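Predicted, not measured: the structure shown is a model, and the values here were computed from it.
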Amino acid sequence: MLIPCDYSALLSVTSALLCVENIFLLINSDQKTNCEQISLKRDRKVARERFEHFTRSHSSYMVPGGVMCAPTLTDVTRAWSILEYFRTNWLEPVWLGCSLQRYEEIQTYEDFMNWLDESPNHANSDLGFYWRMGLDIGLHKYGGGLGKYVSWGYLPHEVKYQKPTVEGRNAAVIMKSGVYDSFTDTHTPMNHGFVRENTTHSWYDEGTQDVHPYDRNTRPTNNNVKDFENAYSWGTAVTHVDYGRLEAGPLARQLVAGGTHGETWQHYDGFILDAFKQMGGASIHLRQLARVHELVKLYRQAERCLREFRLNDPWYIKPKEQDGRGWGATEASRGALCHWIDIEGGKIKNYQIMAPSTWNIGPRDGEGKRGPIEEALIGTPIFDQTDPVEVGHVARSFDSCLVCTVHAHDAKTGEELARFRTA
């Protein structure tokens, strides 16, 4: 038996926190010191350093061990207060410079440009400041990547998700799933059966074939060294059987949201897809714009979730124990997340996780094709080879879960040039 499960329910509780986490990747408003005084003509290096400072901020979840609880009226009321405070003290006056309703009127790239010119409050908002700064230091000129994107979709519909199945899961979530291929400008549905992993260039003793996660038996190797001709990463190369390597994350979500596939009632937003086309494809700048564009959406979804709480309903229904295979998927802040589980004899026989960073940081696959971040680094202009901060900009734009350091080396000599914190 294939048992569906959807981790989107967790987002119902943590949507507001994800809003804050997403935005602090770009600009921490408490650290915005004299932003208005920063001239766009200031020395290029200073602007680059300021961007590096802004994107270094990264928050963690605030309830270690999880957030499972039976909500009370006090909890819901307090959550509403937090949301309102966030909106009235920062989201509208500082980040947007306008009401949520006005920002939600933006449907195209042209609308966004007109919005920036409409009012000094818009142009001088944190979003307006970031947009100008990003263009001034050239963030729209590099960091493109693969040109193909994936989203599992997320947020279960209150009515349609009451008795979900694996087959019907995509038609029961508010934010639709899919794959966007920019080379053919097409959207197609996403299914977990399309996923494969390859460990040819990874530190696992699992062969060189593409395998579905259900069929994978994780066997890590010991005493590993970086050998870029062979194995050089703990990441695996994730592929789609038809589309190959795919990028996950906020940009992917928004490009998928611009498709007309899926159910007619599911969320549609064509802004970022139109900006993608008008700006000539992906870049660091567009990837960050897609991330912060989600703020208003997540705020609205947090409102919806609070309205739908039924305090007298059971908050936990114990599942019936049975053998079988299960699959669950959602969109985490960083992108597409899914789990596979195989239960036999009442015990877990196999458990595989494909996190957003698994998609994005993976090494070359069995055919030698680069992963999303690897591909995005190709063609990156380096202003100062002794201080290649542009490499850090590209890596950070994916917000990968790398609690470690990204190293920049000279390809010819092997000399380490710099280190960049990514989390």
Side-chain angles (χ1 to χ4, degrees), residues 143-152 177-183 188 190-222 224-249 251-252 256 282 287 327 329 331-332 334-340 350-380 391 394-395 397-404 406-407 409 411 422:
L146 296 167
K148 298 179 182 181
Y149 307 87
V150 63
S151 172
W152 287 118
S177 73
V179 173
Y180 175 62
D181 182 351
S182 68
F183 300 103
T188 55
M190 184 57 183
N191 183 289
H192 83 92
F194 297 141
V195 176
R196 298 291 184 273
E197 282 188 277
N198 185 284
T199 59
T200 299
H201 293 284
S202 307
W203 288 318
Y204 301 95
D205 182 18
E206 301 175 29
T208 60
Q209 301 300 310
D210 293 346
V211 298
H212 187 275
Y214 273 142
D215 302 319
R216 185 183 175 202
N217 182 15
T218 307
R219 295 190 300 271
T221 57
N222 298 318
N224 303 299
V225 295
K226 293 185 181 71
D227 180 355
F228 292 104
E229 295 301 319
N230 295 291
Y232 59 93
S233 174
W234 283 116
T236 59
V238 183
T239 62
H240 186 288
V241 292
D242 295 326
Y243 292 99
R245 309 301 293 274
L246 303 172
E247 175 181 329
L251 177 59
V256 169
R287 195 170 287 117
W327 168 74
E331 285 290 314
R334 291 184 169 101
L337 167 67
C338 54
H339 293 204
W340 288 264
N350 192 14
Y351 201 106
Q352 297 293 333
I353 299 173
M354 191 169 291
S357 296
T358 314
W359 292 92
N360 290 334
I361 69 172
R364 300 190 305 279
D365 61 20
E367 298 179 357
K369 295 179 181 178
R370 291 183 286 263
I373 293 183
E374 289 183 329
E375 188 64 33
L377 288 167
I378 301 300
T380 298
V391 172
V394 174
S397 73
F398 286 84
D399 183 32
S400 295
C401 187
L402 297 171
V403 188
C404 59
V406 173
H407 303 257
H409 293 262
T422 60

Close side-chain approach of Ser233 to Ile361, heavy-atom, < 4.5 Å
no
Has the side chain of Arg196 got a donor or acceptor atom that lies under 3.5 Å from a matching backbone atom of Gly193?
yes
So, the side chain of Arg287 versus the backbone of Leu251: is there a donor-acceptor pair under 3.5 Å, distance only?
no
Could you measure the distance from the OG atom of Ser151 to the OH atom of Tyr180? Nearest 0.5 Å is fine.
14.5 Å
Report yes if some heavy atom in the side chain of Asn217 is under 4.5 Å from a heavy atom in the side chain of Asn350; otherwise report no.
no
Side chains of Asp365 and Val238: closer than 4.5 Å at any heavy-atom pair?
no
Heavy-atom side-chain proximity of Tyr204 to Arg219 below 4.5 angstrom
no
Residue pair Lys148 / Val150, side-chain heavy-atom distance below 4.5 Å:
no
Is the side chain of Thr208 donor-acceptor paired with the backbone N or O of Asn198 at a distance under 3.5 Å, no angle test?
no
So, the side chain of Ser202 versus the backbone of Gly235: is there a donor-acceptor pair under 3.5 Å, distance only?
yes
Sorted by chain and residue number, the side chain to side chain donor-acceptor pair (under 3.5 Å) partners of Trp340 (sequence neighbours excluded) come out as His192
Using only heavy-atom distances, determine whether the side chains of His201 and Tyr232 contain a donor-acceptor pair under 3.5 Å.
no
Please tell me if the side chains of Thr236 and Thr358 come closer than 4.5 Å, counting only heavy atoms from C-beta onward.
yes
Report yes or no: does Thr380 contribute a side-chain atom to a donor-acceptor pair with the main-chain N or O of Val391 at less than 3.5 Å?
no
Return the set of residues passing ring pair (Phe, Tyr, Trp, His ring centres under 6.0 Å) with Trp152 (not counting sequence neighbours), or none when no residue passes.
Trp327
Approximate separation, where rounding is to 0.5 Å, of Ile378 CD1 and Leu146 CG
10.5 Å
Within a strict 4.5 Å, meaning less than it, do heavy atoms of the Glu367 and Thr200 side chains meet?
no
Applied to residues 201-210, the salt bridge (charged side-chain N to carboxylate O under 4.0 Å, His left out) test, sequence neighbours excluded, yields Glu206-Arg216
Does Arg245 pair with Glu375 as a salt bridge, N-O distance under 4.0 Å?
no
Hey, can you tell me if Tyr243 and His240 have their rings parallel, tilted or perpendicular (30° and 60° cut-offs)?
perpendicular
What I want to check is whether the side chains of Thr218 and Gln352 have a donor and an acceptor closer together than 3.5 Å.
yes
